[in-house]
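Below is one structure, written out as structure tokens; the observations come after it.
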Amino acid sequence: MDFSTWKNIEFAYPVFLWLLLLVPVMVYLYFARRKRQQGVMMVSSIVGLKGLPVSWKVRFRPLLLALRMLAVTALIVALARPQTSNTSESIDSEGIDIVMAIDISGSMLAEDLLPNRMEAAKKVAMDFVDKRISDRIGLVIFSGESFTECPITTDHAVLKNQIMQVKSGMLQDGTAIGMGLATSVDRLRNSHAKSKVIILLTDGVNNTGLIDPLTALEIAKAFKIRVYTIGVGTIGKAPFPMPMADGSVQTVMQDVQIDEPLMKKMSKETGGKYFRATNTGDLKNIYAEIDQMEKTKVEITSYKRFAEHFFVLAMIALGCILLEVVLRYSVFKSLP
């Protein structure tokens with residue numbers, strides 16, 4: 001037996017270990033009985049006996065007691081059934097396939113969310129990805145057209161890197177909500193996940209694109225994809241950085257226009273929910289709420305296997321008893 005295993009030892013019947021208290025009692029009784037059995041002879045002086053050699057048999061006779069106590073100790077510990085356990089887990093994860101569709105039109109540079117809508121959306125999206133450990137997630141960006149920035153994947157490091165690289169101006173400007181939704185559906189249509197979700201974030205009104213938002217909605221419904229929609233922007237006007245002819249940037253106030261009726265229709269008819277984020281805190285709370293609503297089912301089955309170690313102790317006890325008997329009636333044999 002590898003004695004390093006005793007670091008993690010457990011006992012099936014630890015109550016038997018209380019019997020170890022009998023060991024010092026047995027030692028005491030042994031010496032008490034031996035003292036009573038010793039013969040007594042009256043002599044006038046023992047000066048002449050001091051130089052006599054002591055037999056090695058006398059010196060090593062306590063070995064018999066040591067063997068007996070070792071046998072008793074090993075037997076008691078064996079009765080307590082020392083064992084080590086090996087625990088393994090089987091994880092059955094019912095993942096969710098998610099596509100995040102993010103508007104990257106020029107209006108996403110508005111500064112009503114800090115530092116602006118685009119950066120706030122990217123930061124919150126990456127935090128959301130960190131929480132979805134077992135899910136496959138993809139990224140679609142859209143403005144006047146749409147593009148799959150990252151297919152659905154479990155490699156969240158790659159996905160987050162792609163999110164970090166997103167910036168306004170990567171695509172033709174405009175707001176093609178229908179295109180963004182249709183491309184997201186295309187990413188999920190071959191998915192075999194039990195739950196398929198799109199989180200579509202925009203700050204405007206559909207004004208371009210080859211696919212009408214209602215047509216894209218019908219496609220999403222056909223593939224049983226749940227759509228959560230997020231309208232980003234304050235109520236009223238928002239500060240927007242406007243490049244000037246001289247190269248400087250001037251902040252101007254622009255009207256915030258979000259097609260909320262369309263967004264609500266898209267989410268309601270697919271079983272999702274519409275949210276409005278007027279500031280960065282709202283956006284964080286929205287993604288946190290979606291995270292709670294779209295919980296991944298994970299079942300963990302734990303298996304515990306025990307390895308018994310009492311047999312070695314029982315063999316040690318038997319060996320000590322046999323050795324004691326052999327020595328007692330051979331080397332250390334004494335006359336009555």
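We count residues from 1, following the sequence as given. These values consider heavy atoms only, across backbone and side chains, with no hydrogens, waters or symmetry-generated copies.
- Dense packing is recorded around CE of Met253, with more than 12 heavy atoms of other residues, nucleotides or ligands lying under 6.0 Å away.
- Interatomic distance, Thr154 OG1 to Ile137 CD1, rounded to the nearest 0.5 Å: 10.0 Å.
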If you look only at distance, which donor and acceptor atoms sit under 3.5 Å apart when one is on a side chain in residues 214-223 and the other is two or more places apart or in another chain?
| residue | atom | partner | partner atom | Å |
| --- | --- | --- | --- | --- |
| Glu218 | OE2 | Lys221 | NZ | 3.3 |
| Lys221 | NZ | Glu269 | OE1 | 3.0 |

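- The closest side-chain heavy-atom distance from Ile163 to Leu139 is below 4.5 Å.
- A donor-acceptor contact shorter than 3.5 Å is absent between the side chain of Asn161 and the backbone of Ala157.
- Closest non-hydrogen pair, Asp203 versus Val232, comes out as CB-O, 3.1 Å.
- With hydrogens and angles disregarded, a donor-acceptor distance shorter than 3.5 Å links the side chain of Ser191 to the backbone of Ala193.
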Report task. In sequence, state the C-alpha distance, the side-chain angles, and the governing distance for Ser105 and Ser143, and then conclude on side chain to side chain donor-acceptor pair (under 3.5 Å). Result -> CA-CA 5 Å; Ser105 58; Ser143 51; over 6 Å; no
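- Remark: Arg117 does not engage Glu111 in a salt bridge, criterion side-chain N to carboxylate O under 4.0 Å.
- The structure places CE of Met26 at 8.5 Å from OG1 of Thr73, a figure rounded to the nearest 0.5 Å.
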Report task. Verify side chain to side chain contact (heavy atoms under 4.5 Å, CB included) between Val99 and Ile199, making sure each step is shown before the conclusion. Result -> CA-CA 6 Å; Val99 169; Ile199 304 173; over 6 Å; no
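- Leu262 CG to Ile258 CD1: the interatomic distance, rounded to the nearest 0.5 Å, is 12.0 Å.
- In this structure, Ser267 contributes its side chain and Val227 its backbone to no donor-acceptor pair below 3.5 Å.
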Report task. Carefully, step by step, assess Thr202 and Phe142 under the rule side chain to side chain contact (heavy atoms under 4.5 Å, CB included). Result -> CA-CA 9 Å; Thr202 184; Phe142 68 94; 4.0 Å; yes
Please table the atom pairs, donor to acceptor, closer than 3.5 Å between any side-chain atom in residues 165-177 and protein atoms at least two apart or in another chain.
| residue | atom | partner | partner atom | Å |
| --- | --- | --- | --- | --- |
| Ser168 | OG | Ile104 | O | 3.2 |
| Asp173 | OD1 | Gly106 | N | 3.0 |

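- Of the possible donor and acceptor atoms, none in the side chain of His309 sits under 3.5 Å from a partner among the backbone N and O of Ala78.
- Other residues, nucleotides and ligands contribute more than 12 heavy atoms inside 6.0 Å of the CG atom of Leu318.
- Using a 4.5 Å cut-off on side-chain heavy atoms (C-beta onward), Arg187 and Pro151 make contact.
- A distance of 10.5 Å separates OG1 of Thr251 from CD of Gln254, quoted to the nearest 0.5 Å.
- A donor atom on one side chain and an acceptor atom on the other are not found under 3.5 Å apart for Thr234 and Asp112.
- Electrostatic pairing of Asp291 and Arg132 counts as a salt bridge here, judged by a charged N lying under 4.0 Å from a carboxylate O.
- A search for ring pair (Phe, Tyr, Trp, His ring centres under 6.0 Å) contacts involving Tyr287 returns Phe128, not counting sequence neighbours.
- Within the 4.5 Å cutoff, the side chain of Val185 has heavy atoms near those of the Ile198 side chain.
- Of the N and O atoms on the side chains of Thr153 and Arg136, not one donor lies less than 3.5 Å from an acceptor on the other residue.
- Ion pairing between a basic and an acidic side chain is recognised when a charged N comes within 4.0 Å of a carboxylate O; Lys160 and Asp130 show such pairing.
- With contacts defined as side-chain heavy-atom distances shorter than 4.5 Å, the pair Leu109/Ser107 does not qualify.
- To the nearest 0.5 Å, atoms NZ (Lys196) and CD1 (Ile152) are separated by 9.5 Å.
- No chain of hydrophobic side-chain contacts below 4.5 Å, direct or via other Ile, Leu, Val, Met, Phe, Trp or Tyr residues, connects Tyr228 to Ile225.
- Remark: Thr278 engages Asp282 in a side-chain hydrogen bond (donor to acceptor under 3.5 Å, both in side chains) (not counting sequence neighbours).
- Residues satisfying the side-chain hydrogen bond (donor to acceptor under 3.5 Å, both in side chains) test with Asp155, not counting sequence neighbours, are none.
- Closest approach of Val197 to Ile96, counting heavy atoms only: CG2-CG2, 4.0 Å.
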Report task. Take Glu294 and Arg226 through the salt bridge (charged side-chain N to carboxylate O under 4.0 Å, His left out) test and state the conclusion after the steps. Result -> CA-CA 10 Å; Glu294 292 294 339; Arg226 193 158 44 254; 2.6 Å; yes
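- Contact annotation: the side chain of Leu65 approaches that of Phe31 to within less than 4.5 Å [non-hydrogen atoms, C-beta and beyond].
- The two residues Phe11 and Val77 come nearest to each other via the heavy atoms CE2-CG1, 4.0 Å.
- To the nearest 0.5 Å, atom CD1 of residue Ile211 and atom CG of residue Asn206 are 10.5 Å apart.
- Remark: Leu327 pairs with Leu63, Leu64, Leu67, Leu323, Val331, Phe332 by the side-chain contact (heavy atoms from CB on, under 4.5 Å) rule, at least two apart or across chains.
- The heavy-atom pair separating Val249 from Pro241 by the smallest distance is CG1-CB, 3.6 Å.
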Report task. Please assess Leu210 against Met179 for the test side chain to side chain contact (heavy atoms under 4.5 Å, CB included), listing each intermediate value before the final yes or no. Result -> CA-CA 7 Å; Leu210 300 175; Met179 292 288 290; 4.0 Å; yes
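- Under the 4.5 Å side-chain heavy-atom criterion for grouping Ile, Leu, Val, Met, Phe, Trp and Tyr, Tyr274 is not connected to Ile290 through any hydrophobic cluster.
- For the pair Ser184 and Leu200, the minimum side-chain heavy-atom distance is 4.5 Å or more.
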Requested in this report: Verify side chain to side chain contact (heavy atoms under 4.5 Å, CB included) between Glu149 and Val140, making sure each step is shown before the conclusion.
Outcome: CA-CA 5 Å; Glu149 186 72 10; Val140 168; over 6 Å; no
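- Leu22 and Leu29 fall into different hydrophobic clusters, where Ile, Leu, Val, Met, Phe, Trp and Tyr side chains are chained together by heavy-atom contacts under 4.5 Å.
- Both Val72 and Trp18 belong to a common hydrophobic cluster when Ile, Leu, Val, Met, Phe, Trp and Tyr are linked at side-chain heavy-atom distances under 4.5 angstrom.
- Remark: side-chain polar atoms of Thr183 are not paired, donor with acceptor, to backbone N or O of Gly180 under 3.5 angstrom.
- There is no path of hydrophobic side-chain contacts, each under 4.5 Å, that joins Tyr30 to Leu75.
- For the 3.5 Å distance criterion, the side chains of Gln83 and Glu308 qualify, holding a donor opposite an acceptor.
- Summarising the geometry of Met263 relative to Gly231, their closest heavy-atom pair is CE-N, 4.2 Å, with the distance given to 0.1 Å.
- Looking at every heavy atom in both residues, Ile286 comes nearest to Ala277 through CD1-CB, 3.6 Å.
- Arg68 places a side-chain heavy atom less than 4.5 Å from the side chain of Arg328.
- Electrostatic pairing of Lys123 and Asp127 counts as a salt bridge here, judged by a charged N lying under 4.0 Å from a carboxylate O.
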